[in-house]
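Read through the structure below, which is laid out as structure tokens, and then see the notes.
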Amino acid sequence: MTAIENLANQVLDRCASTNDIAKYFAEKGLPHGTWVSSRIQEAGRGRLGRQWESGEGNLFLSILVRMDNKNRWSWIPLATAIGAVRFLSQKFPSLNFQVKWPNDILINGKKLGGILCEGTSSGIIIGLGLNCLHSPQALNQDTTSLTEALDCDLTIGTSLADEVRLEIYRSILNEVNHLNLNGPEQIRQSYEVWTAYSFGTEVEWGAQPSVQFGRVHGLGESGELLVTSDSGNALSLFAEDVKVRRKN
Ligand code: BTN
């Protein structure tokens, strides 16, 4: 049997979920910044209990982070999205990357990647799924991949995950380290640049039959989304699935 430590900082051929492996890293006391990636996940998980389709060719990466300042933990999902987009915009300047609160990565409004952060008693696990080659269908959401957006041929697309893995890891870790040392100001500023929900964007959230409508006001103290509902209430959204409002 493989000792879990041997999987640290490795790209595996397959596993159930890289987030689960990173949780073991946390329990075993492995250091801040330890990562694991896999070419295929057999039980990839998304936010809100959803499945994350994890076929070969896309990027699946989990990073263990330890931050002493617990007040800043709630900013980790946005720090991750910003770190990823900071790198991707430099690498692929022709593409229009956006951050969709709290932690989706978009190109022109279509989902390119998602982030699942999971807290454990001994650390936080950041899980990133990035559509490099395929764009799996998602419920109520248009999706895309780097290969599609770059309009590149499949032979190039096949190696994109390998090409971006370590640099995206470094960029995310830099952003998280910066958050830990200096607080969320840099995230706030970068969010203004890349947000898919600028001030005044009309959004909807919640599930049928109680979908709510409102307008975005910005980010609160903990990275929560501030909105004013159509009925005039100022609300703070912490983990809801928020969408740009559909025009009927
Ligand atoms: C989302 O729902 O948008 C978040 C998707 C997160 C998927 C990544 S892939 C690597 C890590 N391992 C998992 O099982 N999930 C995350």
Side-chain angles (χ1 to χ4, degrees), residues 4 7-26 33-65 76-85 87-88 97-107 109-120 123-146 160-162 164-166 168-169 171-173 176 194 196-197 205 207 223 225 237-244:
I4 204 81
L7 307 182
N9 308 324
Q10 300 291 322
V11 182
L12 314 178
D13 284 334
R14 61 176 64 233
C15 70
S17 158
T18 53
N19 265 28
D20 291 344
I21 297 177
K23 279 185 192 166
Y24 287 120
F25 293 163
T34 304
W35 61 270
V36 63
S37 185
S38 185
R39 297 192 190 285
I40 297 171
Q41 293 188 120
E42 287 158 348
R45 287 183 277 112
R47 288 181 66 233
L48 307 172
R50 296 180 189 130
Q51 182 201 343
W52 187 257
E53 221 179 295
S54 305
E56 188 158 15
N58 286 351
L59 177 68
F60 313 111
L61 171 70
S62 296
I63 308 169
L64 163 63
V65 298
I76 291 177
L78 268 183
T80 305
I82 299 282
V85 165
F87 160 71
L88 289 167
F97 294 98
Q98 296 163 301
V99 172
K100 174 176 169 275
W101 183 93
N103 46 16
D104 280 352
I105 299 167
L106 312 182
I107 296 178
K110 295 183 178 177
K111 183 158 172 168
L112 175 76
I115 293 155
L116 175 66
C117 293
E118 298 184 293
T120 76
I124 295 151
I125 311 303
I126 294 173
L128 169 73
L130 192 76
N131 298 341
C132 294
L133 182 63
H134 319 282
S135 40
Q137 302 272 313
L139 206 65
N140 293 332
Q141 168 106 61
D142 289 335
T143 56
T144 190
S145 69
L146 284 176
L160 274 174
D162 288 335
V164 300
R165 181 179 292 106
L166 280 184
I168 220 166
Y169 158 76
S171 189
I172 291 170
L173 198 59
V176 170
W194 285 307
Y197 294 155
W205 67 94
L225 192 70
L237 308 182
F238 285 88
E240 286 80 353
D241 237 359
V242 178
K243 296 191 204 84
V244 172

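Just follow the structure's listing: the first ligand is 1, and inside any ligand the first atom is 1. Every heavy atom of this structure was used, including side-chain atoms; hydrogens, water molecules and symmetry mates were not.
When the salt bridge (charged side-chain N to carboxylate O under 4.0 Å, His left out) test is applied to K110, no partner is found at least two apart in sequence or on another chain. Looking at residues two or more places apart in sequence or on another chain, you find no salt bridge (charged side-chain N to carboxylate O under 4.0 Å, His left out) involving D142. When the side-chain hydrogen bond (donor to acceptor under 3.5 Å, both in side chains) test is applied to T34, no partner is found at least two apart in sequence or on another chain.
Atom-to-atom distance recorded for E240:CD and W101:CH2 is 6.0 Å, nearest 0.5 angstrom.
Between R14 and E56, none of the side-chain N atoms (NZ, or NE/NH1/NH2) sits under 4.0 Å from a carboxylate O, so this pair counts as no salt bridge. For the pair D104 and R47, the salt-bridge criterion is not met [side-chain N within less than 4.0 Å of a carboxylate O].
Near ligand 1, residues S17, T18, N19, Q41, G44, R45, G46, R47, W52, F60, L61, S62, D104, K111, G114, I115, L116, G127, L128, G129 come within 4.0 angstrom through at least one heavy atom.
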